[in-house]
Visitor: 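Have a look at the structure that comes next, please.
Residue numbers start at 1 and run along the sequence shown.
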Amino acid sequence: MKKKHTPLKNLMYALKQVWKADKKLLIFTLFKNSIEQVFYVFFFVYLTKYIFNCIERNISYKNLLWFLIVACSLHVVIHFICGWYEAYRKIKTPEIYRQIFHRVMDISDRLELKDFESPDFYDRYARALDRCVESSINIAIKTGVFIGNIFSTIMSLVIVVTVDPALLIFMVIPIFVSLYFGKKNAKANYDREKNITRDKRIADYVKRVYYEKKYAAEVRLFDINSLMLEKQEKAVNSMERVSLKYRMKSAFYAFLMKGSYSILAGIFAYLYVAFKVKYGNVTDLSSYVAMITAMAFSTDQLKAAVENRIFISNESKLFQNLEDFLEQDREEKKQKTIIDEIVSVELCNLTFTYPGAEKATIEDMSFKWNKGEKLAVVGYNGAGKTTLIKLVMGLYPVDDGKILINGIDINEIDLDSYRKRFGTVFQDLQVFAMTLSENVLMRRPENESDYEKVREALLNAQFDINHRGLTNGLDTVISREFDESGFVPSGGQAQKIAIARVFAQNPDMVILDEPSSALDPLAEYNMYNNMMKLSEGKGVVFISHRLSSARMADKIFLMKDGKIVERGTHDELMALNGFYHEMFMLQAENYQESIPEEMLKGAEAYYE
């Protein structure tokens with residue numbers, strides 16, 4: 001059940017993020033920023049009134065001097081505290097960022113892939129994560145200032161009341177007027193941010209297309225500039241149109257809010273004081289003169305209080321979605337079965353439909369995969385092969401039917417422990433801006449044994465570890481994004497690095513989703529040969545468009561339109577004279593035409 005959010009709850013949740021990261025910083029922030037504002041009442045209001053009283057009543061200059069010395073000393077101390085605080089905050093802020101960012105990334109890692117299929121989810125996620133790290137510190141600072149604004153306003157009003165209670169009228173009315181229109185102003189600003197999220201993401205996407213390397217070739221080969229610029233211009237125009245609508249509202253509310261200060265707390269109050277001084281029966285003229293300063297200060301503090309409240313209200317709303325993510329994550333953390341070994345994976349009448357899709361991608365599918373079995377899943381593009389594998393790994397929730405792991409429903413097991421038992425290479429594999437050894441181990445190597453494991457894995461994946469581009473050996477950074485001496489792998493080399501990850505692990509089950517699509521036929525043969533040798537006793541599922549590799553499997557599943565339409569060994573499927581037979585014969589003809597005779601002879605054993 002989704003929690004009900006209120007401005008106070010949002011604020012408390014935002015402050016709690018800083019509290020969890022560094023309690024001292026939160027306490028120091030609230031104390032420093034509140035006490036600073038309160039001191040200003042003493043220094044600018046009470047001190048002014050005291051000086052005028054001393055002059056008017058001929059109080060000893062010595063007493064006034066000592067009072068000024070104490071006041072100025074306190075002012076110096078406050079400045080020292082402020083300076084110390086700024087230094088402390090700059091030291092501690094990176095730690096706050098790191099703690100909150102780690103929590104955010106941990107939440108992100110636990111989100112289901114289905115969430116990323118929805119544009120609305122991306123909008124909510126962007127709003128939640130866009131500025132939550134920076135906002136947590138800013139909210140703490142503004143909250144301290146806001147508390148100080150409230151106390152300093154009250155204190156200055158108490159001083160005003162001691163002089164003339166009638167002056168209170170000129171302050172109280174603007175308070176209610178500003179709070180009312182300030183709330184409307186805050187809503188208009190939040191609605192603006194909410195309504196431009198999608199267009200802002202589109203504009204950021206276009207910018208990404210022009211600076212990320214993976215788009216560079218297509219951008220230069222095809223004339224898509226007009227399309228991209230049109231997309232960005234449309235997004236920017238939409239943002240301007242939406243922003244104008246809400247900024248006009250915001251400006252109107254701000255005018256009414258600040259106008260109440262200027263007219264009531266400013267002009268009318270000053271006219272009243274001038275009238276009292278000239279025509280009233282005033283015995284303490286200095287106090288009334290001092291009240292001009294007090295009224296100005298009170299007005300400034302009141303305006304600051306309202307503006308800070310608007311800021312806090314707006315910024316704390318950013319944490320609504322973040323809290324929802326955390327709550328969702330917490331609700332899912334129930335005691336679940338830890339998987340130490342995968343013995344079998346069984347699909348029972350499995351059906352899955354992507355969010356927003358009308359037709360099921362996987363429909364009423366059933367089969368059992370035991371440890372030690374080699375399965376091949378083949379079929380045309382769009383048959384649902386990759387979706388099937390992601391369902392088996394628990395990356396998507398099951399709509400209908402069941403997936404049983406060792407006879408236990410996948411919803412009742414700990415998915416982290418389950419996924420660790422897999423070695424996987426996906427079709428849309430990724431290499432990261434880390435060292436080659438880290439890309440293979442997916443962690444930092446700890447000793448020479450780890451480096452030896454990396455070497456062996458890369459050799460088994462047919463990767464040339466003596467490549468001249470590896471200027472720092474296994475510690476060469478992959479990519480030149482952050483290191484000019486980095487190594488930029490080709491598509492085939494990146495695929496071999498991803499395959500080496502599987503060799504470096506000790507999984508129960510191995511999943512290869514088109515692992516050889518960027519490899520030449522001989523490298524494909526060697527890779528599969530090594531994979532089958534090293535995967536002895538493990539379960540293997542490989543998806544491939546090259547049906548020649550399917551001959552190595554114990555059982556072959558041919559998928560069409562989300563269903564398994566043919567299953568059996570290579571010989572059994574060829575004897576059926578169906579879809580598999582047709583695909584194999586077409587590929588065999590092309591394969592023989594495109595490969596030199598000497599390479600065919602060298603790979604004869606592959607087809608035996």
Visitor: Do you know which two heavy atoms are closest between A140 and L30, and how far apart they sit?
Guide: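 Shortest heavy-atom contact: O-CD2, 3.6 Å.
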Visitor: What's the spacing between L441 CG and L436 CG if we round to 0.5 Å?
Guide: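 Between atom CG of L441 and atom CG of L436 there are 9.5 Å.
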Visitor: Given I543 and V378, is the side chain to side chain contact (heavy atoms under 4.5 Å, CB included) satisfied, shown in steps?
Guide: CA-CA 6 Å; I543 297 173; V378 300; over 6 Å; no
Visitor: Take atom CZ of R468 as the centre, draw a 6.0 Å sphere, and report whether it contains more than 12 heavy atoms from other residues, nucleotides or ligands.
Guide: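 Result for CZ/R468: open.
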Visitor: Are T387 and Y354 close enough that a side-chain donor and a side-chain acceptor fall under 3.5 Å?
Guide: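 Looking only at side-chain atoms, Y354 and T387 do form a donor-acceptor pair, the distance falling under 3.5 Å.
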Visitor: For K32, I'd like to know if atom NZ has over 12 heavy atoms of other residues, nucleotides or ligands within 6.0 Å.
Guide: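 Enclosed: over 12 neighbouring heavy atoms sit under 6.0 Å from NZ of K32.
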Visitor: Side chain to side chain contact (heavy atoms under 4.5 Å, CB included) for L388 and F557? Distances and angles first, verdict last.
Guide: CA-CA 12 Å; L388 171 63; F557 296 145; over 6 Å; no
Visitor: Are there more than 12 heavy atoms of other residues, nucleotides or ligands under 6.0 Å from atom CE of M442?
Guide: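 Counting other residues, nucleotides and ligands, CE of M442 exceeds 12 neighbours.
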Visitor: What distance separates I410 CD1 from E346 CD, expressed to the nearest 0.5 Å?
Guide: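 Interatomic distance, I410 CD1 to E346 CD, rounded to 0.5 Å: 13.0 Å.
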Visitor: Rounded to the nearest 0.5 Å, what separates atom CG in D191 from atom CD1 in I196?
Guide: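 Rounded to the nearest 0.5 Å, the CG-CD1 separation comes out at 11.5 Å.
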Visitor: Mind checking the CG-CG spacing from D199 to D204? Nearest 0.5 Å is all I need.
Guide: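 Output value for this atom pair is 11.0 Å.
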Visitor: For the pair T351 and I362, evaluate side chain to side chain contact (heavy atoms under 4.5 Å, CB included) and give the outcome as yes or no after the intermediate values.
Guide: CA-CA 5 Å; T351 296; I362 302 294; over 6 Å; no
Visitor: Decide if atom CD of Q430 counts as having more than 12 heavy atoms of other residues, nucleotides or ligands within a radius under 6.0 Å.
Guide: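 No, CD of Q430 has 12 or fewer neighbouring heavy atoms, counting only those of other groups under 6.0 Å.
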Visitor: Assess whether side chain to side chain donor-acceptor pair (under 3.5 Å) is satisfied between E240 and S243, documenting all intermediate values.
Guide: CA-CA 5 Å; E240 289 178 351; S243 293; over 6 Å; no
Visitor: Indicate the atoms forming the closest heavy-atom contact of G384 with T361, along with that distance.
Guide: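 Heavy-atom minimum between the residues: CA-CG2, 4.1 Å.
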Visitor: Which of these, N439, I478, V477, sits in a side chain to side chain contact (heavy atoms under 4.5 Å, CB included) with F432?
Guide: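 Option passing the side chain to side chain contact (heavy atoms under 4.5 Å, CB included) with F432: N439.
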Visitor: Quick one: do R421 and E341 satisfy salt bridge (Lys or Arg N to Asp or Glu O under 4.0 Å)? Show the steps, please.
Guide: CA-CA 7 Å; R421 306 312 306 161; E341 180 185 12; over 6 Å; no
Visitor: Are any of the side-chain heavy atoms of V454 and P445 separated by less than 4.5 Å?
Guide: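 No, too far: nothing below the 4.5 Å cut-off.
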Visitor: Could you check whether the rings of Y88 and F28 sit parallel, tilted or perpendicular, using 30° and 60° as the cut-offs?
Guide: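 Aromatic pair Y88/F28 classed tilted.
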Visitor: With side chains defined as the heavy atoms from C-beta onward, is the minimum distance between L15 and L26 less than 4.5 Å?
Guide: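 Result yes, sub-4.5 Å side-chain heavy-atom pair found.
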Visitor: Under 3.5 Å, is there a donor-acceptor pair between the side chain of K496 and the main chain of F463?
Guide: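 Checking the backbone N and O of F463 against the side chain of K496, no donor-acceptor pair under 3.5 Å is found.
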Visitor: Main chain of G486, side chain of R480: is a donor-acceptor contact present, judged purely on distance under 3.5 Å?
Guide: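 It does hold such a pair.
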Visitor: In terms of side-chain geometry, is the basic nitrogen of R443 or D450 positioned less than 4.0 Å from the acidic oxygen of its partner?
Guide: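 Looking at D450 together with R443, the answer is yes, because their closest N to O distance falls below 4.0 Å.
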Visitor: Is K538 salt-bridged to E373, cutoff N-O under 4.0 Å?
Guide: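 Judged by the 4.0 Å cut-off on N to carboxylate O distance, K538 and E373 do not form a salt bridge.
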Visitor: With no hydrogens and no angle check, do the side chains of N411 and D409 hold a donor and an acceptor under 3.5 Å apart?
Guide: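 A donor-acceptor contact under 3.5 Å links the two side chains.
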Visitor: Taking the side chain as every heavy atom from C-beta outward, state whether Q232 and I202 have any pair of such atoms under 4.5 Å apart.
Guide: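 The answer is no; the side chains never approach within 4.5 Å.
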Visitor: I'd like to know whether M559 forms a side chain to side chain contact (heavy atoms under 4.5 Å, CB included) with M365, so could you lay out the CA-CA distance, the side-chain angles of the two residues, the decisive distance to 0.1 Å, and finally the verdict.
Guide: CA-CA 10 Å; M559 288 185 62; M365 187 173 294; 3.6 Å; yes
Visitor: For residues K336 and I408, determine if any side-chain heavy atom of one lies less than 4.5 Å from a side-chain heavy atom of the other.
Guide: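 A side-chain contact under 4.5 Å is absent here.
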Visitor: Between D414 and I339 (side chain of the first, backbone of the second, donor and acceptor by atom type, cut-off under 3.5 Å), is there such a pair?
Guide: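 No, the answer is negative, given that no donor and acceptor are paired below the 3.5 Å cut-off.
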Visitor: Roughly how far apart are T435 OG1 and D475 CG, rounded to 0.5 Å?
Guide: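 So the OG1 of T435 and the CG of D475 are separated by 5.5 Å.
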Visitor: Main chain of G537, side chain of K371: is a donor-acceptor contact present, judged purely on distance under 3.5 Å?
Guide: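 Checked: no pair found.
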Visitor: Backbone N or O of V343 within a donor-acceptor pair of the N406 side chain at under 3.5 Å?
Guide: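 Answer holds: yes.
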Visitor: How close do F422 and P507 get, counting heavy atoms only, and between which atoms?
Guide: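 Heavy atoms only, the tightest pair is C-CB, 3.6 Å.
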Visitor: For residues Y246 and N195, determine if any side-chain heavy atom of one lies less than 4.5 Å from a side-chain heavy atom of the other.
Guide: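 Yes; the side chains approach each other to less than 4.5 Å.
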Visitor: Looking at every heavy atom in both G372 and K374, which two are closest together, and how far apart are they?
Guide: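 G372 and K374 have their closest heavy atoms at O-NZ, 3.5 Å.
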Visitor: Kindly indicate whether the side chain of N237, heavy atoms from C-beta on, has any atom under 4.5 Å from the side chain of K234.
Guide: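 N237 vs K234: side chains apart.
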Visitor: Keeping the roles fixed (side chain from R419, backbone from M393), state whether a donor-acceptor pair exists under 3.5 Å.
Guide: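 Confirmed, R419 side chain pairs with M393 backbone.
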Visitor: Does a side chain donor of either N370 or S344 reach within less than 3.5 Å of an acceptor in the other side chain?
Guide: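 Looking only at side-chain atoms, S344 and N370 do not form any donor-acceptor pair under 3.5 Å.
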Visitor: If you take all heavy atoms of Q493 and V488, which pair is closest and at what distance?
Guide: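 Result for this residue pair: OE1-O, 4.3 Å.
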Visitor: I need the single residue from N460, T424, V440, V425 that forms a side chain to side chain contact (heavy atoms under 4.5 Å, CB included) with V502. Which is it?
Guide: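 With V502 as partner, N460, T424, V440, V425 yield a single side chain to side chain contact (heavy atoms under 4.5 Å, CB included), made by V425.
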Visitor: Mark yes when over 12 heavy atoms from residues, nucleotides or ligands other than E452 sit less than 6.0 Å from its CD; otherwise mark no.
Guide: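 Yes.
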Visitor: Apply the side chain to side chain contact (heavy atoms under 4.5 Å, CB included) test between F367 and each candidate in I564, L350, V345; give the one that qualifies.
Guide: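 When side chain to side chain contact (heavy atoms under 4.5 Å, CB included) is applied between F367 and each of I564, L350, V345, only I564 qualifies.
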Visitor: Would you say that W369 contacts M509 through its side chain, given a criterion of any heavy-atom pair below 4.5 Å between the two side chains?
Guide: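 The answer is yes; the side chains approach within 4.5 Å.
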Visitor: Please find the pair of heavy atoms, one from S479 and one from A433, that lie closest to each other, and give the distance.
Guide: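 Residues S479 and A433, closest heavy atoms: OG-CB, 4.1 Å.
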Visitor: CZ/F352 to CG/L347 distance, rounded to the nearest 0.5 angstrom?
Guide: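 Between atom CZ of F352 and atom CG of L347 there are 13.0 Å.
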Visitor: Hey, are the side chains of I342 and Y418 touching, using non-hydrogen atoms and a 4.5 Å cut-off?
Guide: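 Yes; the side chains approach each other to less than 4.5 Å.
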